[in-house]
Amino acid sequence: MNKLTLMIAMLMMLSCQQSNKKHTVTDSLKTEDPHSFAQPSVAYVEHLDLDLKVDFEQQQLTGKASWTINNKAKAKEIIFDDSKLSISKITLGKDEKETSYTYGPVVEYLGRALKVAITADTKLINIYYTTDKEASALQWLNPQQTAGKIRPYLFTQSQSIAARSWVPCQDSPGIRFTYNAKVSVPKDLLALMSAENPQTKNNEGLYHFKQTHAIPSYLLALAVGDITFKSIDERTGVYAEPSVLNKAVYEFADMGKMVHAAEKLYGPYRWGRYDLLVLPPSFPFGGMENPNLTFITPTILAGDRSLVSIICHELAHSWSGNLVTNSNWNDFWLNEGFTNYFERRIDEEIFGKQEAEMQEVFARQALNAAIVDMGAESRDTWLQTDYTGRNPDEGTNDIAYEKGFFFLKTIERAVGREKFDAFLRGYFDANAFKSLNTTQFLDYLNKNLIKGDKSLEVKIDIDKWVYGPGVPDNVVAVGSERFKAIDALVAKWRKTGVVKGLSKEIVSSNEKRYFISQLPADLKAVDMAALDAEFNFTGSHNTDVQLAWYTLAIRHHYNHANNNIKAYLLENGRMWHIIPLYKELMITPEGAKIARAIYKEARPNYHPMTYQAIDKLLK
């Protein structure tokens, strides 16, 4: 999941191993995931056959989840995670003998345990169910909320623990399974999943899917809508609503190059096709790395390919996250820190070293801001976090993403890039289709890279990074020659007050973002007006630039931008592009009044994850 858009994390857990289609929970890990009721050391799932009907009128999914299980312990019960599902019956085996089941108490954030009675010989469990209209993973859009304005749309967002709201499952990233699915939808709509996908609609409205690689439940995904497809090259392409498709194909023309660059770094892409689905604006994140089919926000369709590095991030997850996965959400940095490192290596390969250096400067700024926000000594600033008893979505912050990135960057500096690249490629190969915790990664690091070298241990100082707060002193320094030139331009502007000509020297999306971030705290509305006349920041179509500029506009009472800010908040559902603006508005009584008025109008178009966060913010 993209770093600029989220929240998630968790501690020690289980690990699944796969050889071809078989995978087992490792004997060495018996501790269960604190964000799942499942007990995989007793009985766990291996394969799902899913049969669903999509009902837009009732806004429900109805069907059957048939789970092939491993009951190695000969248990009399298996436990699934459930969030507001309505279970009609549960049967065992192909002969569908009905069995009993009970529920545990409802726990905040987690839902409840679904306890199913089984026998020592049970291999197949069939759960018949219907989803709740308020299922946290599902967003049902009416036609007016789509680009085409004619047909409805449905998409899921399972990460981190919302899969249990649309499929009864063992909802832990440490438990992996393969799946097949049959999905029935209205005949004028196309269904897609995180699996092998069709590229055109059929006449029956019935679609079949197959995912042959074992994945965790948070990577289960479904989308249904008026969706069309166009290929980029032989293994990449774009799905989108018809009115958006050509624009998206232009924007993502370099997808194939990105896949080749990633393979050059860390080995073959193992998922078959790599396609993108451009979702409606209410999608709450920048992107979601669903296997085979990344879900992506339309807010990066800037028209000039200036925001496509987010694709590098989601693609990198095909190795770090999807291939090798954090075994629970306290080890979230194993997904996101690795992916940010990998993303910037792809950026450097495709767009050059200067681009990667600018991204690193932004990364350090974001990490510093996160630590100030949390507190320099906060336990939440450790890499291995502890969100037990809390919503793991809270762990989706820049500790996992950017402290994780700088830890890996520190290792790279200590051993050299060539040696570190060889280590990472070996790590992905050795642990492919497995889920690991932090301890297991550090064991692998020690055995395969550090190898008892005491001076190297001191140089990296692992414990400070993983089990300590804040940013260790040995963090890699960052810098950008382009940004230094912009610092000089800011200083000159402050001295002379001359704005004319700056827009010819500050051109790219990153340069504009940085320039805005360096503007002085005592900026006046008249200064903003002059800058706006030169750059047209208020009228920008680049959402990164808009976010930076609109934040300043609110802070410095630049009322000329008010209508644009309102339109931005109404049309954009990307959490971490809108929540900062609501926060800024809430600082003053006048701003709070504006925030609540806009939110009343915007809330129906936001995803449940988004409006739940903003509900708390606006009280």
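Numbering starts at 1 and runs along the sequence shown. These values consider heavy atoms only, across backbone and side chains, with no hydrogens, waters or symmetry-generated copies.
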Would you mind listing every ring-ring contact (aromatic ring centres under 6.0 Å, His included) that reaches into residues 130-152, with sequence neighbours excluded? F56-W140
Check whether the ring centres of F80 and Y101 lie less than 6.0 Å apart, and answer yes or no. no
Here the gap from Y103 atom OH to R112 atom CZ, rounded to the nearest 0.5 Å, amounts to 4.5 Å
Could you tell me if the ring centre of F362 sits under 6.0 Å from that of F483? yes
CD1 of I486 to OG of S480: how many Å apart, nearest 0.5 Å? 7.0 Å
For F406, the ring-ring contact (aromatic ring centres under 6.0 Å, His included) test, sequence neighbours excluded, returns none
Applying side chain to side chain donor-acceptor pair (under 3.5 Å), which residue pairs with at least one partner in residues 526-537 are found, sequence neighbours left out? S503-E534, D532-T538, D532-Y558
Hits for ring-ring contact (aromatic ring centres under 6.0 Å, His included) against F252, two or more places apart or cross-chain, chain-then-number order -> none
Output field: ring centroids Y599/Y582 closer than 6.0 Å: yes
Under the ring-ring contact (aromatic ring centres under 6.0 Å, His included) test, residues paired with Y153 that sit two or more places apart: none
Interatomic spacing from CG in L585 to OG1 in T551 - rounded to 0.5 Å: 9.0 Å
What residues, two or more places apart in sequence or in another chain, satisfy side chain to side chain donor-acceptor pair (under 3.5 Å) together with N290? none
